[in-house]
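Naming: A, B, ... by sequence-line order, numbering from 1 per chain.
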Protein chains: 2
Amino acid sequence: MPINYFIEQLQAKGVKITPQRQEIIKVFLESQDLHLSAEEVHRRITVKFPSMSLDTVYRNLSMLQKLGILTELNFGDRKSLFEINNSQHHHHLICTKCGGSQEIEFCPLDFLDKQHIKNFKVQKHSFEIFGICANCMQ
Amino acid sequence: MPINYFIEQLQAKGVKITPQRQEIIKVFLESQDLHLSAEEVHRRITVKFPSMSLDTVYRNLSMLQKLGILTELNFGDRKSLFEINNSQHHHHLICTKCGGSQEIEFCPLDFLDKQHIKNFKVQKHSFEIFGICANCMQ
DNA sequence: TCCTAATTAGGAATTATTACTATTTAAGAT
DNA sequence: ATCTTAAATAGTAATAATTCCTAATTAGGA
Ligand SMILES: [Mn+2]
Ligand SMILES: [Mn+2]
Ligand SMILES: [Zn+2]
Ligand SMILES: [Zn+2]
């Protein structure tokens, strides 16, 4: 997806198109399958735009997540990671040794008996598998 | 399970049976299906034993989790909750409005094609569904 | 009873995130 | 093209959860 696709989504929601917001989206579009913390997003942007505030990064990551443009991930350490909703819905294998992650195209919701979520309005879900990756096993 | 069951597990692992450790386990055995933060465990114990250190709670929750006696849960806010491995393995529905949780007896691993975890040694996993519970929907 | 490695209490430090506020700005109205 | 203003930002302070540090205590084996 080109950046304009996301900018149009922002316009449709009636939020302002600021240079800061565009930079944040660009960071995520720079490479595929990127899982970035707020700190890391900030670090990447300040290389070119040193005045970008960390608070602005947090505020926008949160907003982009609420709009469905980003997904927030929790890999067990206590900092959120974000990825852009650019490719197919997926989940992750996370190595507890090196911290690296691989994506798996399996979603529990496809196998969940709807009886389990009777009277519950599902908004989102998380599923991650933790263990030792091939590299760390030698 | 009586408390002795867990104390024997600690002995088998060669760790000391301190009063503090026993109090922590007792807190979790006081009621079923309890999901407690470190702070909450500490609060409950200091009613009777005011000298219990918060650091000791953290240190032991972490240790008990490594020994497989407790499970650590992350419900999206950034504080860990713990529950004792007393009943059947399960996952949770978490209400994003009231913060409450219900347990569901469905585990994604039972449906996961092992092809997805080839060359990956699984240690643990997380699966939670977030949404609005029956109460909060009116 | 003695010894010692393990554990603890209490407080300081760290880390991630959120709150605050004066200033700036995007974008619609004139 | 300028004006207007609600939304957004920068910079910094505050908060919350967790971890680290160190001197003192203690469980359990000798
Ligand atoms: Mn991913
Ligand atoms: Mn539970
Ligand atoms: Zn899914
Ligand atoms: Zn499971």
Side-chain angles (χ1 to χ4, degrees), chain A residues 3-4 6-25 27 35-67 69-70 72-82 99, chain B residues 3-4 6-25 27 35-67 69-70 72-82 99:
Chain A
I3 186 159
N4 278 8
F6 297 100
I7 290 184
E8 278 161 28
Q9 285 192 52
L10 293 181
Q11 280 169 333
K13 298 284 182 175
V15 303
K16 292 184 177 178
I17 313 303
T18 65
Q20 290 90 338
R21 272 170 193 163
Q22 292 176 276
E23 288 305 318
I24 289 172
I25 293 170
V27 162
H35 307 127
L36 300 176
S37 66
E39 193 77 45
E40 177 64 16
V41 170
H42 184 244
R43 207 185 55 69
R44 291 184 183 216
I45 293 176
T46 48
V47 171
K48 281 188 158 183
F49 300 90
S51 75
M52 164 74 91
S53 160
L54 181 57
D55 178 77
T56 297
V57 174
Y58 272 107
R59 198 164 5 85
N60 280 296
L61 290 178
S62 171
M63 185 263 270
L64 292 168
Q65 184 261 332
K66 275 172 196 133
L67 297 188
I69 292 173
L70 297 181
E72 185 171 359
L73 304 167
N74 273 97
F75 284 1
D77 51 359
R78 79 209 76 275
K79 83 181 141 205
S80 289
L81 300 182
F82 294 84
Chain B
I3 186 158
N4 277 9
F6 297 101
I7 290 184
E8 278 162 26
Q9 283 192 54
L10 293 180
Q11 279 169 333
K13 297 285 184 175
V15 304
K16 291 184 178 177
I17 312 303
T18 65
Q20 290 90 338
R21 271 169 196 165
Q22 296 181 3
E23 287 305 317
I24 290 174
I25 292 170
V27 163
H35 307 127
L36 300 176
S37 67
E39 194 76 45
E40 177 64 17
V41 170
H42 185 244
R43 206 185 58 68
R44 290 183 183 216
I45 294 177
T46 49
V47 171
K48 282 189 160 181
F49 301 90
S51 74
M52 163 76 90
S53 160
L54 182 56
D55 179 76
T56 297
V57 174
Y58 273 106
R59 198 167 1 87
N60 280 295
L61 289 177
S62 171
M63 186 263 271
L64 292 169
Q65 182 261 330
K66 275 171 195 132
L67 296 189
I69 292 173
L70 298 179
E72 185 173 358
L73 303 167
N74 273 98
F75 284 1
D77 50 3
R78 76 209 76 273
K79 84 180 140 203
S80 290
L81 300 182
F82 294 84

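From A:Leu73, atom CG reaches atom OG of A:Ser80 across 8.5 Å, with rounding to the nearest 0.5 Å. Annotation: the span from A:Thr56 atom OG1 to A:Arg21 atom CZ amounts to 9.0 Å, rounded to 0.5 Å. Annotation: the span from B:Ile69 atom CD1 to B:Lys13 atom NZ amounts to 8.5 Å, rounded to 0.5 Å.
Using a 4.0 Å heavy-atom criterion, one finds that B:Lys79 contacts the sugar-phosphate atoms exclusively. Contacts of A:Glu39 with the nucleic acid, taken as non-hydrogen atoms under 4.0 Å apart, are absent. The residue B:Ser80 sits close only to the backbone: its heavy atoms come under 4.0 Å of sugar-phosphate atoms, none of a base. Across all strands, A:Pro19 comes closer than 4.0 Å only to sugar-phosphate atoms, never to a base (heavy-atom distances).
Taking the six-membered ring for Trp, B:Phe75 and B:His35 have ring centres closer than 6.0 Å.
As a whole-Å value, the separation of B:Gln65 CD from D:dT19 C1' is 16 Å. A straight line from CG of B:Leu81 to P of D:dA16 spans 17 Å, rounded to a whole angstrom. Across the protein-nucleic acid pair, B:Asp77 atom CG and C:dT18 atom C1' stand 14 Å apart, rounded to whole Å. Put simply, CG on B:Leu61 is 14 Å from P on D:dA17, counting in whole angstrom units. Atom CD in B:Glu40 sits about 15 Å away from atom C1' in D:dA17, given to the nearest Å. Taking atom CG of residue A:Leu54 and atom P of nucleotide C:dA19, one finds them 14 Å apart after rounding to whole Å. A straight line from NE2 of A:His42 to P of D:dT12 spans 12 Å, rounded to a whole angstrom.
The listed nucleotides are D:dA10, D:dA27, C:dG10; the one nearest the side chain of B:Lys16 is D:dA27. Nearest nucleotide to the A:Met52 side chain, out of C:dT25, D:dT18, D:dA10: D:dA10. Closest approach to the B:Tyr58 side chain among D:dC21, C:dC20, D:dA17 is made by D:dA17 (side chain taken as heavy atoms from C-beta onward). Closest approach to the B:Thr56 side chain among C:dT17, D:dA27, C:dT8 is made by C:dT8 (side chain taken as heavy atoms from C-beta onward). Listed nucleotides: D:dA8, C:dT17, D:dT18. Nearest to the side chain of A:Arg21: D:dA8.
Closest of all the heavy-atom pairs between B:Ile24 and B:Val57 is CD1-CA, 4.1 Å.
Within the structure, a side-chain polar atom (N or O) of A:Gln20 is placed less than 4.0 Å from OP1 or OP2 of D:dA10. The side chain of A:Thr18 contributes no N or O atom lying less than 4.0 Å from OP1 or OP2 of C:dT25. Under 4.0 angstrom from either OP1 or OP2 of C:dT8 there lies at least one side-chain N or O belonging to B:Arg59.
In this structure, A:Arg44 pairs ionically with A:Glu40, as a charged nitrogen and a carboxylate oxygen lie closer than 4.0 Å.
Map B:Ile17 and A:Val15 each onto its nearest nucleotide of DNA chain D; the residue landing nearer the 5' end is A:Val15. Residue A:Asn60 is the one, among A:Asn60 and B:Asp55, whose nearest nucleotide of DNA chain D lies closer to the 5' end (criterion: closest heavy atom). A residue-by-residue look at A:Ser62 and A:Gln11 shows that A:Ser62 has its nearest nucleotide of DNA chain C further toward the 5' end.
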